[in-house]
Amino acid sequence: MVRALSDSELFEAWERGFELESAQRPLAFLQAVYPDTEEEELLQWSIGRCNADLVSLRQGRFGSQMEGVVSCPKCGQTLELTFSTAEICAEQQENTDHGLTVSKGDYRLWFRLPTAQDLADAARLRDHASARTRMLEACLMEAKRNDEKCSLEELPETAVTAMVKKMEEADTQGSVLRELSCPECDHQWQTTFDIGAFLWTETDAWARRMLRDVHTLASAYGWQEEKILKMTPRRRQFYLDMVNE
Ligand SMILES: [Zn+2]
């Protein structure tokens with residue numbers, strides 16, 4: 001369980017997030033949790049490790065119940081989802097510090113797990129195919145056909161698929177799949193849950209709500225922002241109710 005962030009730490013993370021591209025925003029939360037860790041180092045963490053901390057942060061800050069909406073890809077019906085942080089917490093991942101290997105036919109591949117940096121680099125590319133290639137190139141350390149070295153382009157798709165599968169197994173928290181079914185048309189599909197994007201949207205809504213409350217109380221009583229933010233939520237709400245009466 002990571003340390004819970006205070007209101008002012010969460011505000012700082014929110015403000016820093018605005019300066020980042022959307023794929024990198026989760027980094028602002030990790031920087032707030034680990035202020036003594038260099039950004040360079042955080043970027044080398046596997047996506048699964050980052051996500052596990054973000055889930056933990058979310059639980060400590062906003063509770064374990066999560067709500068969201070998705071649209072059915074077949075009929076467009078909007079579905080409301082409720083799930084818990086426990087459901088999106090994957091099992092402990094295996095130790096992958098020394099990289100991973102996979103063999104497929106004559107091919108043998110050595111690779112590492114995708115990191116937050118890889119994700120940020122891939123996100124800059126517009127189309128899905130080039131983003132995937134970029135990510136795989138970064139992670140593939142060496143590939144051999146029998147004893148001869150070969151590049152990513154020379155690998156058969158079956159070998160690449162085996163590598164991706166092994167990555168997913170090793171970094172379970174990297175991509176959390178959920179099975180969904182539409183009550184309207186019975187269509188069933190899988191969707192990946194992006195804790196980073198979810199937490200950003202939620203924090204953004206929280207920050208805007210807080211600032212509106214500060215505005216209301218500062219206008220009514222002339223109090224400083226700092227003083228208002230330091231109040232317990234209960235006391236702040238009490239004053240807000242009186243202003244709004
Ligand atoms: Zn549907």
Side-chain angles (χ1 to χ4, degrees), residues 10 14 17-18 20-30 46-93 113-116 118-136 139 157-158 160-209 212:
L10 200 57
W14 175 66
F18 271 108
L20 302 171
E21 292 171 57
S22 57
Q24 279 194 295
R25 281 177 179 158
L27 190 67
F29 295 117
L30 294 177
S46 78
I47 296 163
R49 182 175 176 190
C50 296
N51 285 351
D53 278 354
L54 292 174
V55 170
S56 178
L57 174 64
R58 197 290 175 177
Q59 186 176 340
R61 188 59 225 210
F62 297 114
S64 58
Q65 181 157 319
M66 308 173 93
E67 279 154 20
V69 286
V70 288
S71 302
C72 170
K74 200 170 171 199
C75 74
Q77 170 79 17
T78 304
L79 273 70
E80 285 180 23
L81 300 176
T82 308
F83 49 102
S84 73
T85 45
E87 282 176 68
I88 54 161
C89 261
E91 300 279 305
Q92 183 75 34
Q93 64 201 44
L113 291 176
T115 64
D118 298 330
L119 194 67
D121 291 343
R124 288 197 192 98
L125 300 169
R126 289 265 169 248
D127 72 296
H128 184 73
S130 27
R132 181 176 185 267
T133 306
R134 172 70 177 267
M135 177 88 92
L136 293 174
C139 295
E157 194 51 38
T158 50
V160 177
T161 308
M163 167 172 144
V164 172
K165 190 160 173 278
K166 180 95 183 178
M167 279 177 175
E168 285 169 358
E169 284 166 6
D171 203 21
T172 39
Q173 193 74 61
S175 162
V176 178
L177 283 174
R178 267 181 70 91
E179 308 276 343
L180 298 174
S181 71
C182 175
E184 198 65 28
C185 71
D186 281 338
H187 178 59
Q188 297 194 344
W189 76 102
Q190 285 188 325
T191 185
T192 49
F193 177 74
D194 184 348
I195 179 66
F198 186 93
L199 188 58
W200 172 261
T201 306
E202 196 169 45
T203 303
D204 188 44
W206 168 85
R208 287 166 197 270
R209 200 168 53 239
R212 253 197 314 274

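Starting from 1, each residue takes its place in the sequence as its number. Atoms within each ligand, like the ligands themselves, are counted from 1 in listed order.
Looking at Thr201 and Asp204, their side chains never bring a donor and an acceptor atom within 3.5 Å of each other. Side-chain contact, Thr85 with Gln59: a donor N or O sits under 3.5 Å from an acceptor N or O.
Judged purely by atom type and a 3.5 angstrom limit, Arg58 uses its side chain to pair as donor or acceptor with the backbone of Gly63.
Of all protein atoms, those that are N, O or S and lie under 2.8 Å from the Zn ion (ligand 1) total 4.
Applying the salt bridge (charged side-chain N to carboxylate O under 4.0 Å, His left out) rule to Lys74 yields no partners; only residues at least two apart in sequence or on another chain are considered.
Residues Phe29 and Trp14 place their aromatic rings such that the two centres sit no closer than 6.0 Å.
Residues Trp189 and Cys72 share a closest heavy-atom pair of CH2-CA, 3.7 Å.
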